[in-house]
Amino acid sequence: MWLLDFSLIRIAPMCIDIVLADPYPVMLDGLSHVFGQSPDFSVKSCVKNGDDALHALRQHSPDILVMDLSLTQRSGLALLEEIKAHKLKTRPIVFTGAPLGEVMRAIDLDIPGLVSKEKSSQVLTRCIKSVHEGGKWLDRDLTVKTMSLLLEQQKKNSHASQLLTPREMMVARMVTEGWPNKKIATKLFISEGTAKLHLHHIYQKLNCPGRMSLQRYMQEQGLV
């Protein structure tokens with residue numbers, strides 16, 4: 001009778017299939033080298049834009065997509081929305097140095113993984129393995145910065161709403177959409193002079209020197 005010694009059996013570690021998407025060749029080459037040298041990963045494709053990334057996901061159906069938000073042709077946010085809408089099995093990990101506003105929108109899309117490009121490849125590796133196992137990994141420093149930005153924007157939005165009357169807020173939104181004073185006046189059934197007066201008060205209350213400054217303020221604060 002033969003006895004099998006299970007202690008001699010070696011179980012090979014699971015290999016994680018990944019696609020890398022980054023618009024910067026140096027970063028893409030670096031990531032490809034790091035993960036290509038590890039037996040824990042199988043790099044299925046390296047792409048530089050969002051359209052190619054989506055094609056690679058459909059072709060290879062990898063476990064993980066490591067992606068920057070600053071993709072071209074199809075933006076990183078658009079790619080995340082596509083993955084979510086079509087319920088692709090690939091779990092996206094955002095590895096980025098994009099502006100905090102974009103990071104905030106990515107978090108709103110319920111991404112399972114987020115790592116700042118300021119962090120090491122070892123941190124990214126731990127993130128990938130955690131997400132692959134069904135976990136969620138959000139870079140603490142980046143998340144704190146993003147939440148601080150959100151609170152600041154909410155505070156400014158509340159401030160603007162308190163400063164402007166409902167009619168002034170309506171005029172400010174029209175200006176942001178590119179409406180001239182005459183068209184604003186016609187729409188609101190007021191004289192062009194009254195429209196200019198509303199605009200003068202808006203400039204003073206929000207400390208904006210002109211239309212361009214007002215448009216930028218409204219866009220930055222999400223008031224349009």
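In what follows, residues are counted from 1 in the order of the sequence shown.
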Heavy atoms of other groups near Lys182 NZ, more than 12 under 6.0 Å: no
Nearest atoms (heavy-atom pairs only) where Asp139 meets Asp141: OD1-N, 3.1 Å
same_hphob_cluster(Val43, Leu124) at 4.5 Å side-chain heavy-atom cutoff: yes
same_hphob_cluster(Val34, Val19) at 4.5 Å side-chain heavy-atom cutoff: no
Residue pair His198 / Ile190, side-chain heavy-atom distance below 4.5 Å: yes
Minimum heavy-atom distance Leu214-Ile202, with the two atoms named: CD1-CG2, 3.8 Å
Distance, nearest 0.5 Å, that separates CD1 of Ile93 from CG of Leu20: 10.5 Å
Min side-chain heavy-atom separation Pro112-Pro92 under 4.5 Å: yes
Atom of Ala53, atom of Leu79 and distance for their closest heavy-atom approach: CB-CD2, 3.7 Å
Point-to-point distance, once rounded to the nearest 0.5 Å, from CZ of Arg58 to CG of Leu88: 7.0 Å
Residues Lys117 and Asp68 bridged, charged N to O under 4.0 Å: yes
Partners passing side chain to side chain contact (heavy atoms under 4.5 Å, CB included) against Ser38 (at least two apart in sequence or in another chain): Asp40, Phe41
Minimum heavy-atom distance between Lys205 and Leu164, given as atom pair plus value: CD-CD2, 3.8 Å
Flag side-chain contact, heavy atom, 4.5 Å: Arg74 against Glu82: yes
Distance (rounded to the nearest 0.5 Å) between Leu69 CG and Glu102 CD: 6.0 Å
Spacing of Cys127 atom SG and Leu138 atom CG [to the nearest 0.5 Å]: 8.0 Å
Val131 backbone acceptor or donor facing Arg91 side chain under 3.5 Å: yes
Straight-line distance of Asp17 CG to Leu65 CG, nearest 0.5 Å: 12.5 Å
Separation of Leu71 CG from Leu80 CG (nearest 0.5 Å): 9.0 Å
Heavy-atom pair with the smallest gap, counting every atom of Leu163 and Glu168: O-OE1, 4.2 Å
ILVMFWY cluster, Val66 and Ile111 together (side-chain gap under 4.5 Å): no
Student check: side-chain heavy atoms of Phe35 and Thr125 closer than 4.5 Å: yes
Shortest non-hydrogen contact between Leu188 and Arg167, atoms and distance: CD1-CD, 3.6 Å
Basic-acidic side-chain contact under 4.0 Å: Lys183, Glu177: no
Donor-acceptor contact present, side-chain Lys89 to main-chain Ser61, <3.5 Å: yes
Pro62 and Leu57, any side-chain heavy atoms less than 4.5 Å apart: yes
Given Gln215, Arg211, Arg216, the one that forms side-chain contact (heavy atoms from CB on, under 4.5 Å) with Ser213: Arg216
Check: Glu81 and Leu109 side chains under 4.5 Å, non-hydrogen atoms: yes
Cluster link Met27 to Leu114, ILVMFWY, side chain under 4.5 Å: no
More than 12 heavy atoms of other groups within 6.0 Å of Gln204 CD: yes
Transitive ILVMFWY side-chain link Val94 to Ile128, under 4.5 Å: no
Contacts of type side chain to side chain donor-acceptor pair (under 3.5 Å), residue Ser32, not counting sequence neighbours: none
Ile83 and Thr90: CA distance, side-chain angles, deciding distance, side chain to side chain contact (heavy atoms under 4.5 Å, CB included) verdict: CA-CA 8 Å; Ile83 292 171; Thr90 301; 5.5 Å; no
Charged N-O contact under 4.0 Å between Asp63 and Lys44: no
Over 12 non-hydrogen atoms of neighbours within 6.0 angstrom of NZ in Lys119: yes
Over 12 foreign heavy atoms within 6.0 Å of NE2, His60: yes
